[in-house]
**Student:** 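Dropping a structure here in structure tokens format, bear with me for questions.
Throughout, a chain's letter reflects where its sequence line sits, starting with A, and its residues are numbered from 1.
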There are 2 protein chains.
Amino acid sequence: MVTQRNTWQRERVRDALAGARGFVSAQSLHAALRDDNTGIGLATVYRALAGLAASGEADSLQSPEGEALYRACSMTGHHHHLICRSCGLTIEIEATAVEQWARETAARHGFRDAEHVVDIFGLCESCAAKQS
Amino acid sequence: MVTQRNTWQRERVRDALAGARGFVSAQSLHAALRDDNTGIGLATVYRALAGLAASGEADSLQSPEGEALYRACSMTGHHHHLICRSCGLTIEIEATAVEQWARETAARHGFRDAEHVVDIFGLCESCAAKQS
DNA sequence: TTAGGTGCAAAACCTTTGCACACAG
DNA sequence: CTGTGTGCAAAGGTTTTGCACCTAA
């Protein structure tokens with residue numbers, strides 16, 4: 001395993017990520033840390049996030065707007081997300097049945113080394129209430 | 001419904017999209033049309049693709065590299081994709097079981113207006129053979 | 001005619017990279 | 001010390017936008 005030093009910047013990124021309720025962009029994460037008087041650089045945030053994603057501590061996905069979104073990963077192994085499209089609240093879900101369906105579908109069409117993306121977007125209870 | 005004029009540029013984009021075996025980026029689509037002596041502009045390709053996606057004639061998704069990928073949509077209604085990560089071959093699949101699972105999962109957590117993303121990436125048979 | 005489309009180039013955007021300096025180990 | 005990490009700024013990439021001209025209806 002590659003070396004991974006323990007700098008206060010990485011701590012802050014890790015903390016900010018853990019404190020976020022849902023997926024956050026590198027940009028907004030940097031903006032938030034900026035506002036906390038930390039002189040942290042944008043590049044550092046990107047590098048820290050890439051490191052966290054590589055080591056499995058964070059999850060990443062592409063937003064429809066073209067940004068990369070990150071979130072602290074609590075569940076070990078493979079899992080999926082239920083995401084509120086309004087407030088960003090994210091719930092990690094297991095999908096054993098879907099896993100199997102994906103494997104079978106890939107196999108039926110002769111595909112190998114199949115990976116899959118399964119995410120559900122919706123309005124969480126509180127956001128749905130607000131919008132009523 | 002908004003007006004949608006019938007220009008040769010849009011025809012070419014539509015044709016190129018229909019002729020592609022899988023998802024293609026706006027950039028490569030433009031490059032391909034460029035090579036066919038058409039003086040089509042990059043902005044026009046983007047605008048045409050946005051229009052096709054808006055009218056449901058095309059599907060779009062974000063590649064992990066941050067590009068927007070498009071594909072002609074043959075199946076009506078909601079569907080998912082099985083995509084070769086090497087050659088881009090795309091197979092449209094139905095996933096009734098997954099649809100239901102997604103609805104149930106969303107409902108169980110109090111989410112409303114749930115949509116979902118379900119795509120499988122892998123190596124298709126011929127690409128797997130080539131790589132052996 | 002005329003509202004909308006097109007091309008070009010510039011701008012906006014997110015992300016990566018080069019480099020000198022700082023710092024954890 | 002020494003090899004990494006950092007900050008800054010510049011560069012790289014994709015996508016959008018402004019504007020004058022063009023064109024389908």
**Student:** Between C:dC14 atom C1' and A:L29 atom CG, what is the distance in whole Å?
**Tutor:**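 Computing the A:L29:CG to C:dC14:C1' distance gives 15 Å.
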**Student:** Separation of B:N37 atom CG from C:dG7 atom P, in whole Å?
**Tutor:** 14 Å
**Student:** Could you measure the distance from the CG atom of A:L61 to the OG1 atom of A:T90? Nearest 0.5 Å is fine.
**Tutor:** 8.5 Å
**Student:** Who are the side chain to side chain donor-acceptor pair (under 3.5 Å) partners of B:R14, not counting sequence neighbours?
**Tutor:** B:E57
**Student:** Using only side-chain N and O atoms of A:Q9, determine if any of them is under 4.0 Å from OP1 or OP2 of D:dG7.
**Tutor:**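 Indeed, a polar side-chain atom of A:Q9 lies that close.
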**Student:** So what does B:I40 hit on the nucleic acid, given a heavy-atom distance under 4.0 Å: a base, only sugar-phosphate, or nothing?
**Tutor:**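 The residue B:I40 makes sugar-phosphate contact but no base contact.
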**Student:** Starting at OH of A:Y70 and ending at C1' of C:dT15, how long is that distance when rounded to a whole Å?
**Tutor:** 9 Å
**Student:** Which is more 5' along DNA chain D, the nucleotide nearest B:W8 or the one nearest B:A68? Just name the residue.
**Tutor:** B:A68
**Student:** Between A:D119 (side chain only) and A:H81 (backbone N and O only), is there a donor and an acceptor less than 3.5 Å apart?
**Tutor:**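 Pair found, side chain donor or acceptor close to backbone of A:H81.
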**Student:** Hey, are the side chains of A:T44 and A:R10 touching, using non-hydrogen atoms and a 4.5 Å cut-off?
**Tutor:**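 The answer is no, as the side chains (C-beta and beyond) never meet within the 4.5 Å cut-off.
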**Student:** Contact between B:T105 and B:H116 at the side-chain level, heavy atoms closer than 4.5 Å - yes or no?
**Tutor:** no
**Student:** Look only at the side chain of B:H30 and the backbone of B:I40, and say whether a donor-acceptor pair between them is shorter than 3.5 Å.
**Tutor:**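 Flag set: sc B:H30 to bb B:I40 pair under 3.5 Å.
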**Student:** When the axes are fitted on five pairs at both termini, how much does the helix from C:dT1-D:dA25 to C:dG25-D:dC1 curve, in 10° steps?
**Tutor:** 40°
**Student:** What integer distance in Å separates A:L33:CG from D:dG7:P?
**Tutor:**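 A:L33 atom CG is separated from D:dG7 atom P by 10 Å.
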**Student:** I'd like to know if the side chain of A:S63 and the backbone of A:L69 have a donor-acceptor N/O pair within less than 3.5 Å.
**Tutor:** no
**Student:** Please determine whether any donor N or O and acceptor N or O are separated by less than 3.5 Å between the side chain of A:R10 and the base of D:dG5.
**Tutor:**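 Such a pair does not exist between side chain and base.
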**Student:** Determine: side-chain N/O of B:T7 to OP1/OP2 of C:dT6, distance under 4.0 Å, yes or no.
**Tutor:** yes
**Student:** When the distance from CD of A:E67 to P of D:dT14 is rounded to whole Å, what number comes out?
**Tutor:** 18 Å
**Student:** Is there side-chain contact between A:V13 and A:Y70, with at least one heavy-atom pair below 4.5 Å?
**Tutor:** no
**Student:** Round to a whole Å and report the spacing from CD of B:E11 to C1' of C:dG5.
**Tutor:** 14 Å
**Student:** Answer with base, sugar-phosphate or nothing: what part of the nucleic acid does A:R34 contact at a heavy-atom distance below 4.0 Å?
**Tutor:** sugar-phosphate
**Student:** Just checking B:Q27: base, sugar-phosphate only, or nothing, at a heavy-atom cut-off of under 4.0 Å?
**Tutor:** base
**Student:** Which distance, rounded to the nearest 0.5 Å, do you find between the NE2 of A:H109 and the CD1 of B:I120?
**Tutor:** 8.0 Å
**Student:** In this structure, how many angstroms lie between the C1' atom of D:dT15 and the CD atom of A:Q62, rounded?
**Tutor:**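 Computing the A:Q62:CD to D:dT15:C1' distance gives 14 Å.
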**Student:** Under a 4.0 Å heavy-atom cut-off, which of residues 43-53 of chain A touch DNA chain D?
**Tutor:**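 By residue number: A:A43, A:T44, A:R47.
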**Student:** Check the distance between C:dT16's P and A:H30's NE2 and give it to me in whole angstrom.
**Tutor:** 14 Å
**Student:** Does CD belonging to A:E104 count more than 12 external heavy atoms closer than 6.0 Å?
**Tutor:**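 More than 12 within 6.0 Å, yes.
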